[in-house]
Amino acid sequence: MKKYIMYHCSPFIVAAVLCLIPIVFSIITITSAKGLGLLFFVPALVVLLGVDYVIKSLTKGNVNYIWLIEAVTMCAILITWRFAF
């Protein structure tokens, strides 16, 4: 089965890559207070990659279903996060 670029660039993978940016800066500045970003973004990275793996396993790699499920889930997370604070 041919894997499309959209299979590898799903919303949770993009969010996981965006979590790497603060992780790298936290590792660089580990001695300062900004090093606390590791506590927040490493678990988020692990959860995003784990849920992405589960969704891809359940949908058997169907790109349309993966994007639909992950996009709706990401929107729900962002809306909930917005109203939580």
Side-chain angles (χ1 to χ4, degrees):
M1 182 173 147
K2 182 180 174 185
K3 300 287 182 188
Y4 298 101
I5 189 74
M6 299 299 281
Y7 177 82
H8 298 292
C9 294
S10 63
F12 281 3
I13 296 296
V14 172
V17 169
L18 290 176
C19 282
L20 282 176
I21 296 168
I23 291 171
V24 169
F25 284 123
S26 295
I27 290 173
I28 291 171
T29 61
I30 196 73
T31 58
S32 68
K34 293 181 182 176
L36 293 175
L38 289 171
L39 294 175
F40 299 112
F41 289 105
V42 171
L45 177 76
V46 171
V47 168
L48 285 169
L49 291 176
V51 172
D52 181 67
Y53 176 76
V54 170
I55 289 173
K56 286 181 179 176
S57 297
L58 292 175
T59 59
K60 296 182 178 85
N62 189 335
V63 177
N64 294 331
Y65 290 143
I66 292 170
W67 267 81
L68 179 69
I69 293 169
E70 289 188 7
V72 168
T73 306
M74 188 63 68
C75 287
I77 290 170
L78 291 175
I79 289 170
T80 305
W81 188 273
R82 165 104 168 98
F83 291 120
F85 294 109

Original post:
Closest heavy-atom contact between H8 and K56?
Top reply: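 Here H8 and K56 meet closest at CA-NZ, 4.4 Å.
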Which pairs would a plain distance check flag for residues 66-74, meaning a side-chain donor or acceptor within less than 3.5 Å of a matching protein atom at least two apart in sequence or in another chain?
| unit_1 | atom_1 | unit_2 | atom_2 | d |
| --- | --- | --- | --- | --- |
| W67 | NE1 | M6 | O | 2.8 |
| E70 | OE1 | S10 | OG | 3.0 |
| E70 | OE1 | F12 | N | 3.1 |
| T73 | OG1 | I69 | O | 2.6 |

When the side chains of residues 13-20 are checked against the rest of the protein, which donor-acceptor pairs come out under 3.5 Å, sequence neighbours left out?
none

**OP:** Determine, using the 4.5 Å side-chain heavy-atom cutoff (strictly less than), whether Y7 and I5 are members of one ILVMFWY cluster.
**Re:** yes
Rounded to the nearest 0.5 Å, the CD1 atom of I55 sits from the OH atom of Y65 at a distance of 14.5 Å
Residue pairs meeting side chain to side chain donor-acceptor pair (under 3.5 Å), one or both in residues 12-25, sequence neighbours left out, come to none
Which of L48, V47, L49 passes side-chain contact (heavy atoms from CB on, under 4.5 Å) with V51? It is V47
